[in-house]
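Here is the structure we will look at.
Side-chain atoms are counted along with the backbone in the values below, which use heavy atoms only and exclude waters and symmetry mates. In what follows, chains are A, B, ... by sequence order, proteins preceding strands, each numbered from 1. This is a predicted model, so every value here is computed, not measured.
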Amino acid sequence: MAEIQITFPDGSVRTYPSGITGMEIAKDISTSLAKKALAIKVNDEVWDLTRPIERDAKIKILTWEDPEGKMAFWHSSAHIMAEAIEYYYPDVKLAIGPPIEQGFYYDIDFGEHKFTPEDFEKIEKKFLELARSGETFVRKYIPKEEAIAFYKKRNNPYKLEILEQIPDDTVTFYYSGNFVDLCRGPHIPNSKVIKAMKILNVAGAYWRGDANNPQLTRVYAISFPSQKELKEYLHKLEEAKKRDHRKIGKQLQLFSFHEEGPGFPFWHPKGMIILNQLKTFMRKRLLQLDYEEIQTPIILSDVLWKRSGHYDNYKENMYFTSIDDRDFAIKPMNCPGSTFVYRSQQRSYQDLPLRLFEFGLVHRHEPSGALHGLFRVRAFTQDDAHIYCTPDQIEQEVIQLIHLVFDIYKIFGFEKVNVFLSTRPEKYIGDLAIWEKAENALKQALEKAEVNYTIQEGEGAFYGPKIDFVVHDSLDRAWQLGTIQLDFSMPERFDLNYIGADGQKHRPVMIHRAILGSFERFIGILIEHTAGNLPFWLAPIQVAVLPISDALIPYAEKVAQQLQKFRVIVDRSSETLNKKIRNAETQKIPYMVIVGKKEEENNQVSLRKHGKGNLGVMDITAALEVFENEFDPLK
RNA sequence: GCCGUUGUAGCUCAGGGGUAGAGCGCUUCCUUGGUAAGGAAGAGGUCGGCGGUUCAAGUCCGCCCAACGGCACCA
């Protein structure tokens, strides 16, 4: 038999007979590895451990520690779950069942039956029973004709549609237990390693993600090699739930939502402090960079929106009204308004770049099913700005912007930022030459700012290329915040111009940009990022003075007086000290200043830090100094 | 917008055809305290809205609204 050379990840090479399987190689290395092995990577392709390797290859045995190992594990779990579901509901039609980042799902047409959480338990039980029985996953090559006949007999239009799109004459099927599925694989060798599984939820999902197609039931689940890992995962889910900004917003009395205004947040006094602090902060930064602030109307004539193109492209998302028999629209974006400020006087090349920023309140008719706390609302305030410049100025402007964006994210503790450059799509407006110039300017800017970025070919807007900024929060979830979008359309539509050094009229380029995106959404992200423990400068109440008894209220007020440059409250309730501390802690107030007789006698306070505990007794001035040393970008 | 689930006191939730429940919060009283819940009493609800079935509906049925989980959407 021919021999082949197998190269391992560490670079070492071993010789094996051709046709050896991954499992045999794993066993050759060590029995413990063979036990843990789930799949094998063969020259960048993930294979079953039972599949014969016939040529020289670079391999890596995959275990639960490898993302690809997890994928195979969950993919196989999806098959077992489908088998369990078919056991109880033999008439279901399976569509697709892939692994995902956290677990797996199977899209299933349940016909008449409504699959609900009541079904979960019995499916989970059956699943574990099947997994424990030690099912093997056997890969078989089936002629496509045979596969089609198989699914025709089973009356499964979904699998037939998938088959139609496979060009090959032979397709692969996987057999495990009583289950058969058209599947590319790879799978784990034996189901015994799956020790724990939980169905997480069910949801409707369109076949092939198209809203015109029938809706299937998507069953989400996750599985693990041990019960312990499942427990930990469920615990993590709960922790994430605790950080939900909707919940914390309610607990801390920051904002609320009401039936009377779906998608329209009500900001309470404490939330307003955060909102205003953010605005003050952003305003200060922008004014330092030669931006000028403007404010444009919320309601503007529909003539304007027809001219801007929003009426044709964005009508579905706009609200309309009328005034004295004339038609108006509520602005969904600030850009058209900004152009009026630009046009209010003849601009010269010496005026450029002109940087106009607006904390613009926009309204958008989001589909009802899309609303989600502060993350997706129907009214929000963008930290918007429009920069009017010459094509030659794009690069320097974008460099400045990139630095600004990174500076600002850093202040909120967003250190990991991914940057994406989206280039010209198939449908676009404007000259090819200016597109190329603009895209090059963006690339140059990114490179000069020494930013790593990913190009998203063809993902730009029809009116210009753009750069997007995605940050990662403390739970490593990704959030798109900032965007820098070049626009060749708006200057054209509104006939914007400036007089160049040559005395002739020229067309400026418009740069739309937002850094936080929307203040409302950003606060939601910040709450989840910090679990509601906002930094000192953003905390609605910074210090709570807690008198040990009613008799100490006068001294508490005297102390509060001396701390008045901070947002300070005095707890005058006739509760025990323990209760007052508990209340301040649950309200996530950064500092507690505790005063009793002893402190009063020496003009001192006892300081306690939220989440940390007692910092000890000190002079009032020393406490003041502690607060003054807290980070404050507004100083 | 689509599919599914949910809607009971300010908040978190139990109850499930026959007089509406708990804890927290709120009010009052007692207690005056030393680093995460002191004690007692009281007030508070057209059980999301509108219709229907029934002697009787918070409970069963239909429609609507909203929230939640996904999908679709996010020029």
Inset, instruction - Have a look at A:A203 and say if it touches a base, only the backbone sugar-phosphate, or nothing, with a 4.0 Å heavy-atom cut-off. - result: base
Which pairs would a plain distance check flag for residues 256-267 of chain A, meaning a side-chain donor or acceptor within less than 3.5 Å of a matching protein atom at least two apart in sequence or in another chain?
unit_1	atom_1	unit_2	atom_2	d
A:S256	OG	A:H258	NE2	2.8
A:S256	OG	A:H268	NE2	3.3

Inset, instruction - Classify the angle between the aromatic ring planes of A:F522 and A:F414 as parallel (below 30°), tilted (30 to 60°) or perpendicular (above 60°). - result: perpendicular
Legend entry - Whether A:F115 and A:Y89 hold their rings parallel, tilted or perpendicular, with breakpoints at 30° and 60°: perpendicular
Inset, instruction - Go through the N and O atoms of the side chain of A:R376 and the base of B:C73, and report whether any donor-acceptor pair is under 3.5 Å. - result: yes
Legend entry - Toward the 5' end of RNA chain B, by each residue's nearest nucleotide, A:F115 or A:S308: A:F115
Legend entry - 5′-ward residue of the pair A:V202/A:N317 relative to RNA chain B: A:V202
Inset, instruction - May I ask you to check if A:K306 and A:Y311 form a cation-pi contact, with NZ or CZ under 6.0 angstrom from the six-membered ring centre and within 45° of the axis? - result: yes
Inset, instruction - Quick one: label A:Q253 by what it contacts on the DNA or RNA (base, sugar-phosphate, nothing), any heavy atom closer than 4.0 Å. - result: nothing
Inset, instruction - Would you classify A:K598 as touching base, sugar-phosphate or nothing, given that sugar-phosphate means primed atoms plus P, OP1 and OP2, and contacts are heavy atoms under 4.0 Å? - result: base
Inset, instruction - May I ask you to list the residues of residues 233-242 of chain A, by number, that have any heavy atom positioned under 4.0 Å from an atom of RNA chain B? - result: none
Legend entry - OP1 or OP2 of B:C3 under 4.0 Å from side-chain N/O of A:R218: no
Legend entry - A:Y319 versus A:H363, side-chain donor and acceptor atoms under 3.5 Å: no
Inset, instruction - Scan A:D550 against the nucleic acid and name what it touches under 4.0 Å (heavy atoms): base, sugar-phosphate only, or nothing. - result: base
Legend entry - A:N155: partners by side-chain hydrogen bond (donor to acceptor under 3.5 Å, both in side chains), with sequence neighbours left out: none
Legend entry - Length of the line joining A:R582:CZ and B:A36:P, which is rounded to integer Å: 11 Å
Inset, instruction - Just call it for A:P262: base, sugar-phosphate, or nothing, with non-hydrogen atoms closer than 4.0 Å on any strand. - result: sugar-phosphate
Inset, instruction - Looking at every strand, decide which applies to A:H372 at a 4.0 Å heavy-atom threshold: base, sugar-phosphate, or nothing. - result: sugar-phosphate
Inset, instruction - Report yes if a side-chain nitrogen or oxygen of A:K250 is closer than 4.0 Å to either non-bridging phosphate oxygen (OP1 or OP2) of B:U12; otherwise report no. - result: yes
Legend entry - Presence of A:N201 side-chain N/O under 4.0 Å of B:G70 phosphate oxygens OP1/OP2: no
